[in-house]
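Notes follow the structure.
So that the names make sense, note that chain A is the first sequence line, chain B the second, and so on, each numbered from 1.
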Protein chains: 2
Amino acid sequence: MKKTKKKIFHDFVTRKGLKSTRQRDVILDVFLSSERHMSIEELYLKLRAKHPNIGYATVYRTLKLFAESGIAREIQFGDGQTRYEHVAEGEHHDHLVCTRCGAIEEFENETIEKLQDEVAASHGFIIETHKLELYGQCAKCRKQ
Amino acid sequence: MKKTKKKIFHDFVTRKGLKSTRQRDVILDVFLSSERHMSIEELYLKLRAKHPNIGYATVYRTLKLFAESGIAREIQFGDGQTRYEHVAEGEHHDHLVCTRCGAIEEFENETIEKLQDEVAASHGFIIETHKLELYGQCAKCRKQ
DNA sequence: GCCATGTTTGAAAGTGATATTCATTAACAT
DNA sequence: ATGTTAATGAATATCACTTTCAAACATGGC
């Protein structure tokens, strides 16, 4: 059994000399029990149902911390909302985004990654990160 | 010789029942004579040098029109600025973005595009557009 | 446990980029 | 030249964060 995300985040908080608070615990629980790609707004609303006294700013700051600790990653799909996705250790994936219903699917493709490195090399670049998103209609929406 | 972008935009304006104005002409000239990836802000500043009385809102609205007419395309590189790039007919390319100096290079790769279609198909998606950006250090910055 | 210290929190205000409003001005058809 | 409709520019609004600040907490030392 690998280190759980709760443990990873807790260690991060300790190592940084930060404090473990009720709010952070609650936000982490909600984040971990949610779908993989959530905007701050979505998480905030979900949270409010049970914890109406937690502020937006706290959610915002805590998600940033999740990203910093390595258990989450910020993503932008160009709709003006920052989303946070769960990060599985050592794993990388890209996204398929449905332009109709907004559904997000993930995929991995070794060959594409390799080609990206080649392209970068031929331009003298060293890649640090990349972003690959395919936008279109998902199977469900196409049937309608 | 293909239809020029001026002609394409003018036809678009006519077809839509819009009007041809001095401002739109000027903004189009500045856009066409500029580097491929310009933010609204950059174009506005460049414009102000010779045409200090053209408003920001007009630039903003006109660039949207360029995109709608097909001669320009909106792109987001995650720095919070929308950029507009020139669109060459039938051509598609992706970007290499230097995380140090902000330089933007373009590339095309047939094989990657093909693989994208395969990935999409295996998920039941039909791709409409895609976005592939490689972020890293460009050759120049690496040497420093 | 109780304190001292530094961190967090939540409400409110601030930011920066984009988007809209509205009175005025300018294009185009007649 | 005139009427109609679209475009413009200044100002304002919006949106999604982001920061500020006083009050509330968490944690280590006594």
Side-chain angles (χ1 to χ4, degrees), chain A residues 9-31 37-69 72-84 102, chain B residues 9-31 37-69 72-84 102:
Chain A
F9 183 64
H10 187 260
D11 288 353
F12 168 81
V13 163
T14 306
R15 177 156 33 83
K16 285 273 190 175
L18 306 178
K19 288 171 181 175
S20 171
T21 68
R22 191 181 60 77
Q23 286 89 334
R24 286 178 180 163
D25 290 347
V26 172
I27 296 170
L28 181 54
D29 280 345
V30 173
F31 177 67
H37 309 89
M38 282 208 120
S39 65
I40 304 176
E41 181 76 16
E42 284 165 350
L43 212 147
Y44 175 64
L45 291 176
K46 184 166 175 187
L47 195 64
R48 288 222 104 183
K50 295 205 169 182
H51 306 271
N53 43 345
I54 291 183
Y56 184 94
T58 301
V59 176
Y60 160 80
R61 287 182 286 225
T62 304
L63 284 173
K64 286 255 169 216
L65 279 185
F66 290 172
E68 215 189 315
S69 77
R73 183 187 295 124
E74 285 188 6
I75 41 175
Q76 301 280 349
F77 289 129
D79 63 347
Q81 296 254 121
T82 299
R83 280 155 206 287
Y84 286 84
Chain B
F9 182 65
H10 187 259
D11 288 355
F12 169 82
V13 164
T14 306
R15 178 158 32 84
K16 285 273 188 173
L18 306 178
K19 290 170 181 174
S20 172
T21 68
R22 191 182 60 78
Q23 286 88 335
R24 286 178 180 164
D25 290 347
V26 171
I27 295 171
L28 181 53
D29 280 344
V30 173
F31 177 66
H37 309 90
M38 282 207 120
S39 65
I40 304 177
E41 181 77 15
E42 283 164 351
L43 211 147
Y44 175 64
L45 291 176
K46 184 166 175 186
L47 196 64
R48 288 223 103 183
K50 294 206 171 185
H51 306 272
N53 44 346
I54 292 183
Y56 188 94
T58 301
V59 177
Y60 161 81
R61 286 182 286 224
T62 304
L63 284 173
K64 288 256 169 215
L65 278 186
F66 290 172
E68 216 189 316
S69 78
R73 183 186 296 124
E74 285 188 5
I75 41 175
Q76 302 278 350
F77 289 130
D79 62 348
Q81 294 254 119
T82 298
R83 281 155 204 286
Y84 286 84

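Heavy-atom neighbours of B:H37 NE2 from other residues, nucleotides or ligands within 6.0 Å: above the threshold of 12.
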B:M38/B:K46 under side-chain contact (heavy atoms from CB on, under 4.5 Å): CA gap, chis, key distance, verdict: CA-CA 10 Å; B:M38 282 207 120; B:K46 184 166 175 186; 4.1 Å; yes
side-chain contact (heavy atoms from CB on, under 4.5 Å) between B:K50 and B:V30, intermediate numbers included: CA-CA 10 Å; B:K50 294 206 171 185; B:V30 173; over 6 Å; no
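Residues B:L28 and B:F9 form a side-chain contact, since some pair of their non-hydrogen atoms from C-beta on lies under 4.5 Å apart. Within the 4.5 Å cutoff, the side chain of A:E42 has no heavy atoms near those of the A:Q81 side chain. At a threshold of 4.5 Å between non-hydrogen side-chain atoms, the residues B:R15 and B:V13 do not count as touching. Using a 4.5 Å heavy-atom cutoff, the side chains of B:Q23 and B:V59 are not in contact. By the 4.5 Å heavy-atom criterion applied to side chains, A:R83 and A:R73 are not counted as neighbours. The closest side-chain heavy-atom distance from B:L65 to B:E68 is below 4.5 Å. Taking 4.5 Å as the limit, some side-chain heavy atom of B:H51 sits within range of a side-chain heavy atom of B:R22. Residues A:R48 and A:N53 fail the side-chain proximity criterion, which asks for heavy atoms closer than 4.5 Å.
The nearest whole Å value for the distance from the CD atom in B:Q76 to the C1' atom in C:dA17 is 10 Å. Atom P of nucleotide C:dA17 and atom OH of B:Y84 are separated by 14 Å, given to the nearest angstrom. Going from atom CG of A:D79 over to atom P of C:dA19 covers 13 Å, rounded to whole Å. Note: OH (A:Y60) to P (C:dT8) measures 15 Å, nearest angstrom.
A donor-acceptor contact under 3.5 angstrom links the side chains of B:Q76 and B:T82, judged on distance only.
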Letter per nucleotide, 5' to 3', of nucleotides 21-30 of chain C [B base touched, S only sugar-phosphate touched, - untouched; heavy atoms, 4.0 Å]: B-----BS--
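Ring orientation note: the planes of A:F31 and A:F66 are tilted relative to one another, at an angle of 30° to 60°.
A distance-only check finds no donor-acceptor pair linking the side chain of B:T58 to the backbone of B:I54 [under 3.5 Å].
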Identify each atom pair where a protein N or O and an N or O of nucleotides 13-16 of chain C are less than 3.5 Å apart, giving names and distance.
none

Report all interatomic pairs (protein N or O, nucleotide N or O of nucleotides 1-3 of chain C) with separations under 3.5 Å.
none

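For the pair A:N53 and B:K64, both in contact range of DNA chain C, the more 5′-proximal nearest nucleotide belongs to A:N53.
In this structure, A:K16 reaches neither bases nor backbone, as no heavy-atom distance under 4.0 Å exists between it and the strands shown.
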Intra- and interstrand pairs of DNA chain D - dot-bracket, Watson-Crick/G-U under 3.5 Å, | marks other strand: ||||||||||||||||||||||||||||||
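At least one side-chain nitrogen or oxygen of B:Y56 sits closer than 4.0 Å to the OP1 or OP2 atom of C:dT18.
In terms of the salt bridge (Lys or Arg N to Asp or Glu O under 4.0 Å) criterion, A:K19 has no residue partners (sequence neighbours excluded).
Protein chain A contacts DNA chain D over a range whose 5' and 3' limits, counting nucleotides with an atom under 4.0 angstrom from a non-hydrogen atom, are D:dA16 to D:dT27.
In this structure, A:K16 NZ and A:F12 CZ are separated by 5.0 Å, a value rounded to the nearest 0.5 Å.
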